[in-house]
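In what follows, a structure is listed as structure tokens, so that the remarks can point back to it.
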Amino acid sequence: MSQWKDLLKEIAEIEEKYGGTLRKPATNAEISNMVNEVHQKFENIVLPDTYVNFLKEINGLDFNGLVFYGVDERLLDQKEEEVHGFIETNELWYKNDWQRKYIFFGDSDTAWYCYNSKENNYVELDKPSGTLIQSIESFDSMLYNALKTVLL
């Protein structure tokens with residue numbers, strides 16, 4: 001079991017204390033629709049299996065200033081609360097040329113969590129300067145670090 005799943009359980013417990021819940025998982029059909037649209041809109045983007053596994057656990061996260069993107073609302077079979085969609089958010093960030101080398105998976109008040117397609121690694125970048133904070137070995141590690149930071 002991925003370590004980030006344990007941290008998601010902690011976040012779920014915190015949400016429950018205040019009458020909230022985590023988002024439902026994305027369905028296989030919703031994820032498939034997203035993957036197809038990602039291939040159409042963005043050249044050479046392949047979503048990592050670990051990100052797909054995250055979506056199967058929870059369709060995006062918005063907790064204490066940390067956001068990890070989910071399947072875009074227009075691709076969902078059933079709408080729930082507002083989701084920061086992976087496609088729409090990357091389209092927004094891609095308006096700046098320097099950001100096009102990154103695939104954005106999430107952000108916080110102070111950081112972006114991305115894949116650097118030129119360097120072939122995951123990174124945490126300072127927001128808004130884009131300065132490298134750290135390189136990270138995998139999506140799992142990046143997600144774990146971000147969740148751990150928001151729980152401190």
Side-chain angles (χ1 to χ4, degrees), residues 1-38 41-42 45-96 99 102-116 121-152:
M1 185 165 161
S2 298
Q3 289 182 315
W4 58 262
K5 290 182 182 181
D6 293 333
L7 297 179
L8 269 184
K9 287 179 185 175
E10 284 185 47
I11 291 171
E13 290 170 6
I14 292 168
E15 287 284 351
E16 285 176 22
K17 284 181 188 177
Y18 298 99
T21 60
L22 295 180
R23 291 192 180 112
K24 295 176 185 169
T27 66
N28 288 335
E30 292 167 340
I31 293 169
S32 178
N33 289 339
M34 179 179 146
V35 167
N36 290 336
E37 190 165 323
V38 165
K41 290 189 178 236
F42 306 107
I45 290 184
V46 176
L47 297 176
D49 290 340
T50 49
Y51 176 62
V52 170
N53 291 337
F54 168 74
L55 295 175
K56 288 179 179 180
E57 289 288 323
I58 179 174
N59 184 29
L61 177 71
D62 190 344
F63 176 77
N64 201 22
L66 174 67
V67 175
F68 264 80
Y69 313 134
V71 176
D72 296 70
E73 287 182 45
R74 63 187 157 63
L75 299 175
L76 297 176
D77 295 330
Q78 292 187 353
K79 311 284 188 253
E80 48 179 305
E81 61 188 85
E82 180 183 338
V83 175
H84 297 273
F86 176 88
I87 295 168
E88 66 190 23
T89 306
N90 274 277
E91 287 176 331
L92 175 70
W93 297 135
Y94 281 19
K95 290 180 180 179
N96 296 317
Q99 292 175 319
Y102 300 109
I103 301 167
F104 293 83
F105 290 99
D107 65 85
S108 70
D109 296 335
T110 60
W112 280 305
Y113 299 95
C114 313
Y115 177 75
N116 183 335
N121 64 342
Y122 292 88
V123 294
E124 180 181 351
L125 302 175
D126 174 69
K127 184 179 176 185
S129 73
T131 304
L132 178 68
I133 296 172
Q134 67 175 326
S135 292
I136 306 166
E137 64 188 47
S138 67
F139 179 83
D140 273 345
S141 296
M142 181 176 68
L143 180 58
Y144 176 79
N145 290 345
L147 294 175
K148 188 174 168 188
T149 298
V150 80
L151 283 168
L152 292 179

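Please read these numbers as outputs of a predicted model, since none were measured by experiment. When reading the values below, keep in mind they use all heavy atoms of this one structure, side chains included, and skip hydrogens, waters and symmetry mates.
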Please list every donor-acceptor pair under 3.5 Å in which a side-chain atom of residues 84-91 meets a protein atom from a residue at least two apart or in another chain.
from: H84; atom 1: NE2; to: D62; atom 2: OD2; distance (Å): 3.4
from: E88; atom 1: OE2; to: G85; atom 2: N; distance (Å): 3.3
from: T89; atom 1: OG1; to: G85; atom 2: O; distance (Å): 2.6
from: N90; atom 1: OD1; to: F104; atom 2: N; distance (Å): 2.8
from: N90; atom 1: ND2; to: F86; atom 2: O; distance (Å): 2.9
from: N90; atom 1: ND2; to: F104; atom 2: O; distance (Å): 2.9
from: E91; atom 1: OE2; to: K41; atom 2: NZ; distance (Å): 3.0

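- Applying the side-chain hydrogen bond (donor to acceptor under 3.5 Å, both in side chains) criterion to Y113, with sequence neighbours excluded, gives no partner residue.
- In this view, T21 satisfies the side chain to side chain contact (heavy atoms under 4.5 Å, CB included) rule with no residue, not counting sequence neighbours.
- A search for side-chain hydrogen bond (donor to acceptor under 3.5 Å, both in side chains) contacts involving N121 returns S135, not counting sequence neighbours.
- In this structure N96 satisfies the side chain to side chain contact (heavy atoms under 4.5 Å, CB included) test together with W98, Q99, sequence neighbours excluded.
- Annotation: ring pair (Phe, Tyr, Trp, His ring centres under 6.0 Å) contacts involving residues 7-37, sequence neighbours excluded, are absent.
- With sequence neighbours excluded, the residues satisfying side chain to side chain contact (heavy atoms under 4.5 Å, CB included) with I133 are A111, E124, D126.
- In this view, D77 and T27, E30 satisfy the side chain to side chain contact (heavy atoms under 4.5 Å, CB included) rule, not counting sequence neighbours.
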Would you mind writing out the side-chain donor-acceptor pairs for residues 140-152 within the sub-3.5 Å range, not counting sequence neighbours?
from: D140; atom 1: OD1; to: W4; atom 2: NE1; distance (Å): 2.7
from: S141; atom 1: OG; to: S138; atom 2: OG; distance (Å): 3.2
from: N145; atom 1: ND2; to: S141; atom 2: O; distance (Å): 3.4
from: T149; atom 1: OG1; to: N145; atom 2: O; distance (Å): 2.8

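- Between F42 and Y94, the gap from one ring centroid to the other is short of 6.0 Å.
- For D72, there are no salt bridge (charged side-chain N to carboxylate O under 4.0 Å, His left out) partners two or more places apart in sequence or in a different chain.
- Residues satisfying the side-chain hydrogen bond (donor to acceptor under 3.5 Å, both in side chains) criterion with E37, sequence neighbours excluded, are R74.
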